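Read through the structure below, which is laid out as structure tokens, and then see the notes.
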Protein chains: 2
Amino acid sequence: MSTPAPEERLIGTAADVGHLVREVRVQQGLTQPELAAASGTGVRFIVDLERGKPTVRLGLTLRVLWMLGIRLRAED
Amino acid sequence: MSTPAPEERLIGTAADVGHLVREVRVQQGLTQPELAAASGTGVRFIVDLERGKPTVRLGLTLRVLWMLGIRLRAED
DNA sequence: AGGGAAATTGCCCGATCGGGACATTTCTTC
DNA sequence: GAAGAAATGTCCCGATCGGGCAATTTCCCT
């Protein structure tokens with residue numbers, strides 16, 4: 001299976017993260033409350049995250065990403 | 001140039017992020033205060049980040065990563 | 001062992017996160 | 001336009017982030 005990553009993007013800002021989360025969530029037909037519940041957090045957090053708020057917490061963010069099936073890779 | 005990424009890792013938790021930051025920082029011969037200054041934050045944050053504290057802020061984290069030359073890619 | 005540098009921790013405190021509830025706005029469908 | 005679903009805003013409030021500073025601990029080298 002030599003197919004490259006289905007979809008890959010560079011993540012540099014909280015806005016990048018937020019936009020991606022929203023996109024994938026909608027793509028998967030999930031509502032914000034559903035995603036919140038699935039990630040063990042609240043709607044408040046999801047709204048802020050998708051809005052690209054830079055002060056949201058890293059741990060929760062990573063959990064949401066994981067839940068959505070988004071895999072982060074770090075390259076240096 | 002078909003060489004794969006020089007070094008690539010999966011990021012799933014705040015601990016993953018923290019360990020990577022420390023590793024790259026040390027590799028580059030930077031002290032925590034130097035990295036803090038370069039990222040426009042404080043030592044307190046760098047210590048917490050490297051410790052893998054899940055509640056550190058996303059925006060600052062991404063800034064530190066960027067500063068270290070670490071590029072995040074999201075794949076879904 | 002000793003010394004110096006670097007890292008970590010304790011503390012203070014202003015700022016604000018985020019869970020939850022509810023109101024309001026926006027979006028979608030008919 | 002009307003209705004319903006989804007998203008966003010407002011508010012409350014306990015918890016705590018993180019900048020800054022000093023004390024303490026750890027690490028590294030001779």
Side-chain angles (χ1 to χ4, degrees), chain A residues 6-7 9-76, chain B residues 6-7 9-76:
Chain A
E7 187 78 63
R9 342 173 173 222
L10 193 62
I11 298 292
T13 65
D16 294 337
V17 177
H19 296 149
L20 175 62
V21 166
R22 172 158 297 178
E23 199 176 291
V24 175
R25 174 177 67 79
V26 170
Q27 203 174 70
Q28 292 182 17
L30 294 171
T31 63
Q32 296 184 329
E34 283 169 343
L35 178 56
S39 311
T41 181
V43 174
R44 154 66 51 243
F45 179 77
I46 300 297
V47 169
D48 286 342
L49 174 61
E50 292 191 346
R51 191 165 33 128
K53 193 161 174 280
T55 52
V56 293
R57 291 173 182 175
L58 176 63
L60 279 182
T61 301
L62 293 175
R63 213 146 88 206
V64 171
L65 289 174
W66 191 268
M67 202 277 84
L68 285 172
I70 297 172
R71 298 294 177 261
L72 281 188
R73 293 176 189 286
E75 161 192 317
D76 57 277
Chain B
E7 186 80 63
R9 338 175 176 219
L10 193 61
I11 298 292
T13 66
D16 294 337
V17 178
H19 296 148
L20 176 60
V21 167
R22 171 157 300 178
E23 198 176 293
V24 175
R25 173 177 67 77
V26 169
Q27 203 175 68
Q28 292 182 17
L30 294 172
T31 63
Q32 297 185 330
E34 284 169 342
L35 178 56
S39 310
T41 181
V43 175
R44 155 63 73 227
F45 178 77
I46 299 298
V47 169
D48 287 341
L49 175 61
E50 293 191 347
R51 196 169 22 133
K53 195 162 173 277
T55 52
V56 293
R57 293 178 178 171
L58 176 62
L60 279 182
T61 302
L62 293 175
R63 213 145 91 206
V64 172
L65 290 174
W66 191 268
M67 203 272 99
L68 285 172
I70 297 172
R71 298 292 178 259
L72 282 188
R73 293 178 187 284
E75 163 190 315
D76 59 272

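Because the structure is a prediction, the values reported are computed rather than measured. Just so it is clear: chains get the letters A, B, ... in the order the sequence lines come, proteins before strands, and each one is counted from 1.
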Which nucleotide in the list [options] gets nearest to the side chain of [X]?
| X | options | value |
| --- | --- | --- |
| A:Glu50 | C:dG19, D:dT8, D:dC17 | D:dT8 |
| B:Thr31 | C:dA7, D:dC17, C:dG18 | C:dA7 |
| A:Lys53 | D:dG18, C:dT16, C:dA7 | C:dT16 |
| A:Arg22 | D:dA7, D:dG19, C:dT8 | D:dA7 |
| A:Leu60 | C:dC17, D:dA7, C:dG18 | C:dG18 |
| B:Val43 | C:dA7, C:dT8, C:dG18 | C:dT8 |

How long is the span from the [atom1] atom in [X] to the [atom2] atom in [Y], to the nearest 0.5 Å?
| X | Y | atom1 | atom2 | value |
| --- | --- | --- | --- | --- |
| B:Thr55 | A:Leu58 | OG1 | CG | 9.0 Å |
| B:Ile70 | A:Asp76 | CD1 | CG | 5.5 Å |
| B:Phe45 | B:Thr61 | CZ | OG1 | 3.5 Å |

d([atom1], [X]; [atom2], [N]) in whole Å:
| X | N | atom1 | atom2 | result |
| --- | --- | --- | --- | --- |
| A:Arg51 | D:dT8 | CZ | P | 9 Å |
| A:Ile46 | D:dA6 | CD1 | C1' | 14 Å |
| B:Leu58 | C:dC17 | CG | P | 12 Å |
| B:Leu49 | C:dA7 | CG | P | 14 Å |
| B:Leu35 | C:dT8 | CG | P | 12 Å |
| A:Glu34 | D:dA5 | CD | P | 13 Å |
| A:Asp48 | C:dT16 | CG | P | 13 Å |
| B:Phe45 | C:dT9 | CZ | C1' | 18 Å |

Is [X] close enough to [N] that one of its side-chain N or O atoms is under 4.0 Å from OP1 or OP2 there?
| X | N | answer |
| --- | --- | --- |
| A:Thr55 | C:dC17 | yes |
| B:Thr41 | D:dG19 | yes |
| A:Arg44 | C:dT16 | no |
| B:Arg25 | C:dA7 | yes |

- Item | Note, B:Arg22 side chain near B:Gln32 side chain (heavy atom, < 4.5 Å) |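 A side-chain contact exists here, since the closest heavy-atom pair is under 4.5 Å.
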- If we only count heavy atoms from C-beta on, is the B:Leu62 to A:Asp16 side-chain gap below 4.5 Å?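 In short, these two side chains do not touch, never coming nearer than 4.5 Å.
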- Name the residue closer to the 5' end of DNA chain C, choosing between B:Gln32 and A:Arg57 according to the nucleotide with the nearest heavy atom.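 Residue closer to the 5' terminus by nearest nucleotide: B:Gln32.
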